[in-house]
Every structure is written in structure tokens, then in C-alpha cells.
Amino acid sequence: MNPTPTLERLRFNMIEQQIRPWDVLDLDILDLLAQIRREDYVPEAHRALAFFDMEIPLEGASTAKEPGQCMLSPKVEARMLQDLHIQKHESVLEIGAGSGFMAALLAHRAAQVLSLEIDPGLAAFAAANLRRNGVTNVEVRHADGATPLASGPTFDVIVLSGSVARIPQGLLGSLNIGGRLAAVVGDEPMMRAHFVTRTGEGKWDVLQPWDTVAPRLLNFPAPSRFNF
């Protein structure tokens, strides 16, 4: 009879069998994934799934109300983090705090993270997870990420932790020159990761390096499916 794998063995297998084969080869990112305890950000009911190659439901987290909320798979989070090339002096806006795990990863790469979460229960859950794990440079705010921030701040990096039908044009104006926005764009069964870099006033470069599928973020506009 084989012994039950330890958490560290499961974490190692997640990195070596899921994340590294998905072209996540940045050693700093891999080390970070070994250090940040993903299981600490998973709802108790689903903790056994923390290291699986799957999205983890968040409906049981705290007092979460919005259906369909979930943590993205580990390989998608890792690849997005790697491809953004975040620097220690940079500010980050995350749309969709979820459990707070992606915010924790971002926080270790950036100077400051603002994470917006439309579900008040999840916002509280994410904030509590981050606080319990000693992450002090993230502000979790209960807010609709599809609505422009009233104060009009700008950021070096914007991360959408979920999918949208098209790139939100309003968010592009919140990027500093040289800033990057990452989003999963499209409709099932085919979506692509988009990385948009603001190269100047009214100038943008777009890369679409890999395919994936992710749950929809709420309230972002979607094109009509009907033709008249």
C-alpha cells in the first residue's frame, strides 16, 4: 500500500508535471510557487484539490454569493505571472480577487497590488487569506472591476483573473506607458491569452501567445450573438 503523498510532494508534482511543461521556465516563478502555500487559499471543502490541474470552485468560500466563481488552474496562473514580467517597483491592478492566491503571487513580484472583487463574501475571504499569510502589500476592495475607478489611478500591470469577450478598452487607459494588461479573451471552446503593452499615447502592442479557457468575469460587455 502506497503512503499518502505529502503536501510538499503534491506541490512538487504540480510544479514539475503541470506548470513547467506549460513553458513556465522562469526559476524565480517556480521558486515562488514552491513557497506560496496554495492550499491556504483554497476553501476548506475543496482543499484536497489544491494541487490538481483544474479550476477550483469558490462557492463554499466565506459567504460568496455569485455562482461560477473559481480559482484558475495553477498552470494558467503561473504562465500569466511569468509572461507579465512584473518588476519590484511596479503597481498592479487585479480584477477578480477570488481566493486571494493570484494576488499573493503578484504581491511577491510587485510593489503594490489593488485587487477588486465583485462578490463581498469572496472579497472578505481573499483579504482574510492574505492577512493570515502575512501579505501586507495587497488591498482587496469590494468593487465591480468592470466599472472605472472613481479616482482614475493608473497602473504598471493589470491582470484579469477570468475571461472576457473582448479586451476592455476602458482599462487600457489605466495603464502607464510601458504597462501591460493580461486577459483571457474569447468564447468557449476557444479562448486566447492576450498581453497588451502600452507603448505610447494611443499606441499598443498585442501578443496572443497561448490558448486556454477561463470562467467569465461579471459585467464586462459581450457582443451580441444575434444577427439581424
S.K.: Between Arg180 and Phe195, is there a side-chain heavy-atom distance shorter than 4.5 Å?
M.R.: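 Answer no - side chains too far apart.
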S.K.: Could you tell me the separation between the CD1 atom of Ile118 and the CG atom of Leu218, rounded to the nearest 0.5 Å?
M.R.: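 It comes to 5.0 Å.
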S.K.: Over all heavy atoms of both residues, which pair between Arg198 and Glu201 is shortest? Give the atoms and the distance, please.
M.R.: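 Looking at all heavy atoms of both residues, the shortest contact is NH2-OE1, 3.1 Å.
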S.K.: Do Gln69 and Glu117 come close enough that some side-chain heavy atom pair is under 4.5 Å?
M.R.: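 Yes. Closest side-chain heavy atoms under 4.5 Å.
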S.K.: Is there side-chain contact between Thr197 and Leu175, with heavy atoms separated by less than 4.5 Å?
M.R.: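 No. Closest side-chain heavy atoms not under 4.5 Å.
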S.K.: Answer whether the closest heavy-atom distance between the side chains of Met191 and Val185 falls below 4.5 Å.
M.R.: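 The answer is no, as the side chains (C-beta and beyond) never meet within the 4.5 Å cut-off.
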S.K.: Please check: side-chain N/O of Glu94 versus main-chain N/O of Val140, any donor-acceptor pairing under 3.5 Å?
M.R.: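 A pair under 3.5 Å: no.
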S.K.: Evaluate Leu10 against Phe52 for side chain to side chain contact (heavy atoms under 4.5 Å, CB included), listing each step before the verdict.
M.R.: CA-CA 9 Å; Leu10 291 170; Phe52 282 37; 5.7 Å; no
S.K.: Heavy atoms, side chains only, cut-off 4.5 Å: are Arg38 and Glu77 in contact?
M.R.: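 Side-chain contact under 4.5 Å: yes.
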S.K.: Pro168 versus Leu160: any side-chain heavy-atom pair under 4.5 Å?
M.R.: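 Counting from C-beta outward, Pro168 and Leu160 do come under 4.5 Å.
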S.K.: For a quick test of reading the model, state the closest non-hydrogen atom pair linking Leu171 to Gly145 and the distance between them.
M.R.: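 Nearest pair, atom of Leu171 first, then Gly145: CD2-O, 4.5 Å.
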S.K.: For Asp26 and Asp28, indicate whether the former's side chain and the latter's backbone hold a donor-acceptor pair under 3.5 Å.
M.R.: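 Side chain of Asp26 to backbone of Asp28, a donor-acceptor pair under 3.5 Å: yes, one is there.
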S.K.: Are Lys75 and Asp53 ion-paired here, with the side-chain N under 4.0 Å from a carboxylate O?
M.R.: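 Salt bridge between Lys75 and Asp53, a charged N being under 4.0 Å from a carboxylate O: yes.
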S.K.: Give the C-alpha distance, both sets of side-chain angles, the deciding distance and a yes or no for side chain to side chain contact (heavy atoms under 4.5 Å, CB included) between Val196 and Ile167.
M.R.: CA-CA 9 Å; Val196 183; Ile167 293 289; 4.1 Å; yes
S.K.: Tell me whether Val206 is reachable from Phe155 by hopping between hydrophobic residues (I, L, V, M, F, W, Y) whose side-chain heavy atoms are closer than 4.5 Å.
M.R.: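 Yes, one cluster joins them.
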S.K.: Taking the side chain as every heavy atom from C-beta outward, state whether Tyr41 and Leu130 have any atom pair closer than 4.5 Å.
M.R.: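 Counting from C-beta outward, Tyr41 and Leu130 do come under 4.5 Å.
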S.K.: Decide whether Asn176 and Thr154 meet the rule of one side-chain donor and one side-chain acceptor closer than 3.5 Å.
M.R.: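 Short answer, yes.
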S.K.: Calculate, to the nearest 0.5 Å, the distance between atoms OG and CE belonging to Ser161 and Met80 respectively.
M.R.: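 It is 7.0 Å, given to the nearest 0.5 Å.
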S.K.: Between Glu55 and Ala214, which heavy-atom pair has the shortest distance, and what is it?
M.R.: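 Smallest heavy-atom distance, with atoms named: OE2-CA, 3.8 Å.
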S.K.: Going from CE on Met14 to CZ on Arg9, what distance comes out if it is rounded to the nearest 0.5 angstrom?
M.R.: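 These two atoms lie 13.0 Å from each other.
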S.K.: Just verifying a value: how many Å separate Leu181 CG and Asp156 CG, rounded to the nearest 0.5 Å?
M.R.: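 Those atoms lie 12.5 Å apart.
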S.K.: With distance as the sole criterion, is a donor-acceptor pair present between the side chains of Ser91 and Gln112 under 3.5 Å?
M.R.: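 Not at all, the side chains of Ser91 and Gln112 share no donor-acceptor pair under 3.5 Å.
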S.K.: Tell me if the NZ atom of Lys88 is crowded by more than 12 foreign heavy atoms within 6.0 Å.
M.R.: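 Correct, the count exceeds 12.
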S.K.: Quick one about Arg216 and Ser163 (side-chain donor to acceptor, distance below 3.5 Å, no hydrogens or angles considered), yes or no?
M.R.: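 Looking only at side-chain atoms, Arg216 and Ser163 do form a donor-acceptor pair, the distance falling under 3.5 Å.
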S.K.: Looking only at non-hydrogen atoms, find the nearest pair between Ser115 and Gly96 and report the distance.
M.R.: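 Smallest interatomic distance, heavy atoms only, reads OG-C, 4.4 Å.
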S.K.: Identify each donor-acceptor pair in which a side-chain atom of residues 100-111 lies under 3.5 Å from a protein atom, sequence neighbours left out, and give them as a table.
M.R.:
| residue | atom | partner | partner atom | Å |
| --- | --- | --- | --- | --- |
| His108 | ND1 | Ala104 | O | 2.9 |

S.K.: Consider only side-chain heavy atoms of I, L, V, M, F, W and Y, link residues closer than 4.5 Å, and tell whether Leu72 and Val184 are in one cluster.
M.R.: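 Yes, one cluster joins them.
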S.K.: Indicate the atoms forming the closest heavy-atom contact of Ala126 with Ala97, along with that distance.
M.R.: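 So the minimum-distance heavy-atom pair works out to CB-CB, 4.1 Å.
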S.K.: Side chain of Asn129, backbone of Ser99: donor and acceptor closer than 3.5 Å?
M.R.: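 Yes, because the side chain of Asn129 sits within donor-acceptor range (under 3.5 Å) of the backbone of Ser99.
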S.K.: Going only through I, L, V, M, F, W and Y residues with side-chain contacts under 4.5 Å, is there a path from Leu172 to Ile86?
M.R.: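 Leu172 and Ile86: separate clusters.
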S.K.: Side chains of Arg141 and Leu149: does their closest heavy-atom pair fall under 4.5 Å?
M.R.: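 Contact flag for Arg141/Leu149 side chains = yes.
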S.K.: How many angstroms lie between atom CD of Glu39 and atom NE2 of His46, to the nearest 0.5 angstrom?
M.R.: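 Interatomic distance, Glu39 CD to His46 NE2, rounded to 0.5 Å: 16.0 Å.
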S.K.: Would you give the length of the straight line joining atom CG of Leu33 to atom CD of Gln82, rounded to the nearest 0.5 angstrom?
M.R.: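 Reported to 0.5 Å precision, the distance equals 10.0 Å.
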S.K.: If every non-hydrogen atom of Glu16 is compared with every non-hydrogen atom of Arg20, which pair is closest and at what distance?
M.R.: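 Glu16 and Arg20 have their closest heavy atoms at OE1-NE, 3.0 Å.
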S.K.: Please walk me through it: do Leu116 and His142 pass side chain to side chain contact (heavy atoms under 4.5 Å, CB included)?
M.R.: CA-CA 6 Å; Leu116 307 183; His142 172 220; over 6 Å; no
S.K.: Should Ile15 and Leu27 be regarded as members of a common hydrophobic cluster, given that ILVMFWY residues are connected when their side-chain heavy atoms come within less than 4.5 Å of each other, either directly or indirectly?
M.R.: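 Yes, same cluster.
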S.K.: Please identify each residue that fulfils salt bridge (charged side-chain N to carboxylate O under 4.0 Å, His left out) with Arg192, with sequence neighbours left out.
M.R.: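 By the salt bridge (charged side-chain N to carboxylate O under 4.0 Å, His left out) rule, Arg192 matches Asp211.
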S.K.: Between Ile36 and Ile56, is there a shared hydrophobic cluster once you connect ILVMFWY residues whose side-chain heavy atoms come closer than 4.5 Å?
M.R.: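 The answer is yes; both residues are in one hydrophobic cluster.
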S.K.: Do Asp83 and Trp210 have a side chain donor and acceptor closer than 3.5 Å?
M.R.: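 Yes, a side-chain donor-acceptor pair sits under 3.5 Å.
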S.K.: Yes or no on side chain to side chain contact (heavy atoms under 4.5 Å, CB included) for Val159 and Ile95, after CA distance, side-chain angles and deciding distance?
M.R.: CA-CA 6 Å; Val159 181; Ile95 308 297; over 6 Å; no
